[in-house]
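Every heavy atom of this structure was used, including side-chain atoms; hydrogens, water molecules and symmetry mates were not. The structure presented is a predicted model; accordingly, all values stated were derived computationally and were not measured.
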Amino acid sequence: MKTPDKKYFIDNKKIIDTIESVLNPDENILWKGKPLKKSFILSAVLKMLPLVILWVGIDVTLIVCFAIFLEIDWWFYLIFAVFFLFHLMPLWIYIWNIITAFRRLKIEKYAFTDKRIIIKRGFLAPNIISIYYSSITSINLRIGVIEKACKVGDIYIVSENGKFIIEDISNPYYIYSELQRIANDIKSDIIYPNNLRPSENNGYKTSYTNKK
């Protein structure tokens with residue numbers, strides 16, 4: 001029996017972690033990007049911050065009031081501590097979201113090909129999401145306060161299979177318009193193939209090349 005080449009598996013493990021590894025032989029990448037680090041992390045920090053400040057402020061006030069004004073047995077303090085440990089859950093979730101944001105940022109990547117939109121995201125391991133242009137029902141752009149300050153935007157995609165977000169993309173207006181154009185052209189080609197068009201209809205642009 002032939003001994004497996006361990007180096008082969010190690011090398012391919014590195015390849016599988018890229019978007020290029022899931023492309024079909026005749027599939028070409030038109031655009032590739034990832035979230036802007038500053039905006040992505042800042043969003044994680046500020047997203048729950050007002051709620052957490054209010055929640056922690058109320059809990060700290062209650063703890064101080066109980067500690068100063070009530071004379072109770074030691075066992076009640078134990079129950080009291082366990083209660084607030086769970087009651088402060090928004091704080092623990094907030095801290096967890098900030099910690100995991102750095103890991104998610106490392107994994108999260110996006111690509112538009114001449115066949116589909118590819119979203120690579122995850123925490124422990126990358127998950128690949130494919131959104132075929134024929135299934136898309138709407139594409140919208142949202143630029144909030146944080147996004148505007150960082151000069152990025154979020155693209156919201158609604159398809160027959162669900163809703164997806166491409167987060168914190170630089171040059172958002174251009175990317176949004178290009179995605180709309182590509183989706184419209186390719187979807188139109190699927191609905192109205194070239195050989196079914198009348199001779200006076202030149203059709204849409206069906207051949208795309210990567211713009212560098």
Side-chain angles (χ1 to χ4, degrees), residues 11-47 97-190 204-212:
D11 291 345
N12 276 271
K13 186 177 179 182
K14 294 178 182 178
I15 296 171
I16 290 171
D17 196 39
T18 66
I19 284 179
E20 285 78 5
S21 66
V22 300
L23 297 180
N24 296 318
D26 60 341
E27 190 172 12
N28 300 303
I29 292 178
L30 309 176
W31 173 86
K32 187 168 64 173
K34 61 180 298 182
L36 182 69
K37 181 177 180 180
K38 178 173 64 174
S39 178
F40 194 83
I41 300 301
L42 194 58
S43 295
V45 171
L46 298 179
K47 190 174 182 180
N97 286 341
I98 294 174
I99 294 172
T100 57
F102 288 92
R103 173 61 180 171
R104 290 187 290 111
L105 179 66
K106 186 177 180 181
I107 293 176
E108 193 135 340
K109 292 181 176 63
Y110 314 114
F112 304 157
T113 77
D114 53 1
K115 307 290 184 184
R116 55 182 165 157
I117 299 168
I118 300 173
I119 299 175
K120 175 174 168 280
R121 60 166 48 120
F123 172 59
L124 295 177
N127 299 313
I128 300 294
I129 300 169
S130 293
I131 310 166
Y132 289 89
Y133 297 114
S134 58
S135 71
I136 294 175
T137 56
S138 70
I139 302 172
N140 300 293
L141 176 65
R142 179 186 176 277
I143 299 178
V145 176
I146 298 173
E147 289 81 9
K148 186 175 182 179
C150 298
K151 298 180 180 180
V152 298
D154 298 333
I155 298 176
Y156 286 72
I157 301 169
V158 180
S159 77
E160 296 170 0
N161 300 317
K163 299 177 181 179
F164 308 93
I165 306 175
I166 296 177
E167 299 181 68
D168 301 311
I169 292 299
S170 300
N171 202 3
Y173 291 104
Y174 173 75
I175 300 302
Y176 170 66
S177 64
E178 284 295 291
L179 177 58
Q180 280 192 314
R181 181 177 64 84
I182 294 168
N184 182 67
D185 287 355
I186 293 177
K187 191 171 184 178
S188 297
D189 283 330
I190 293 171
Y204 292 90
K205 183 179 179 183
T206 58
S207 178
Y208 288 91
T209 56
N210 189 9
K211 296 179 180 180
K212 294 184 179 180

I'd like to know if the side chain of [X] and the backbone of [Y] have a donor-acceptor N/O pair within less than 3.5 Å.
X	Y	answer
Arg103	Phe123	yes
Glu147	Gly144	yes
Tyr110	Glu167	yes

[X] versus [Y], closest heavy-atom pair with distance:
X	Y	answer
Leu105	Pro35	CD1-O, 3.7 Å
Ser170	Ile175	O-CG1, 3.8 Å
Gly153	Ile143	CA-CG1, 4.0 Å
Ile139	Ile155	CG2-CG2, 3.7 Å
Thr100	Asn97	OG1-O, 3.2 Å
Leu36	Cys150	CD2-O, 3.7 Å

Does any part of the side chain of [Y], heavy atoms only, come nearer than 4.5 Å to the side chain of [X], both counted from C-beta?
X	Y	result
Ile107	Lys120	yes
Leu30	Ile182	yes
Ile117	Trp31	no
Val152	Ile169	no
Ile157	Lys163	no
Ile118	Ile128	yes
Thr113	Leu23	yes

| task | Any pair with a residue in residues 24-36 that passes salt bridge (Lys or Arg N to Asp or Glu O under 4.0 Å), sequence neighbours left out, goes on the list, sorted by first then second residue, please. | result |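 The answer is Glu20-Lys32, Asp26-Lys115, Glu27-Arg116.
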Looking at residues at least two apart in the chain, or sitting in another chain, which of them share a side-chain contact (heavy atoms from CB on, under 4.5 Å) with Asn161?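 Residues passing side-chain contact (heavy atoms from CB on, under 4.5 Å) with Asn161: Ser135, Ser159.
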Practice item. Just grab all the side chain to side chain donor-acceptor pair (under 3.5 Å) pairs involving residues 38-47, residues at least two apart or on different chains. Key: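 Residue pairs passing side chain to side chain donor-acceptor pair (under 3.5 Å), neighbours aside: Ser39-Asp168.
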Query - Passing option when Tyr133 is tested against Asp185, Leu179, Asn184 for side-chain contact (heavy atoms from CB on, under 4.5 Å) - result: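 Result: among Asp185, Leu179, Asn184, Leu179 is the only option passing the side-chain contact (heavy atoms from CB on, under 4.5 Å) with Tyr133.
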Q: Report the C-alpha distance between Ile166 and Tyr176 in whole Å, list the side-chain angles of each, state the deciding distance to 0.1 Å, and finish with yes or no for side chain to side chain contact (heavy atoms under 4.5 Å, CB included).
A: CA-CA 10 Å; Ile166 296 177; Tyr176 170 66; over 6 Å; no
**OP:** State the CZ-CD1 distance between Arg142 and Ile165, to the nearest 0.5 angstrom.
**Re:**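 One finds 8.5 Å between CZ of Arg142 and CD1 of Ile165.
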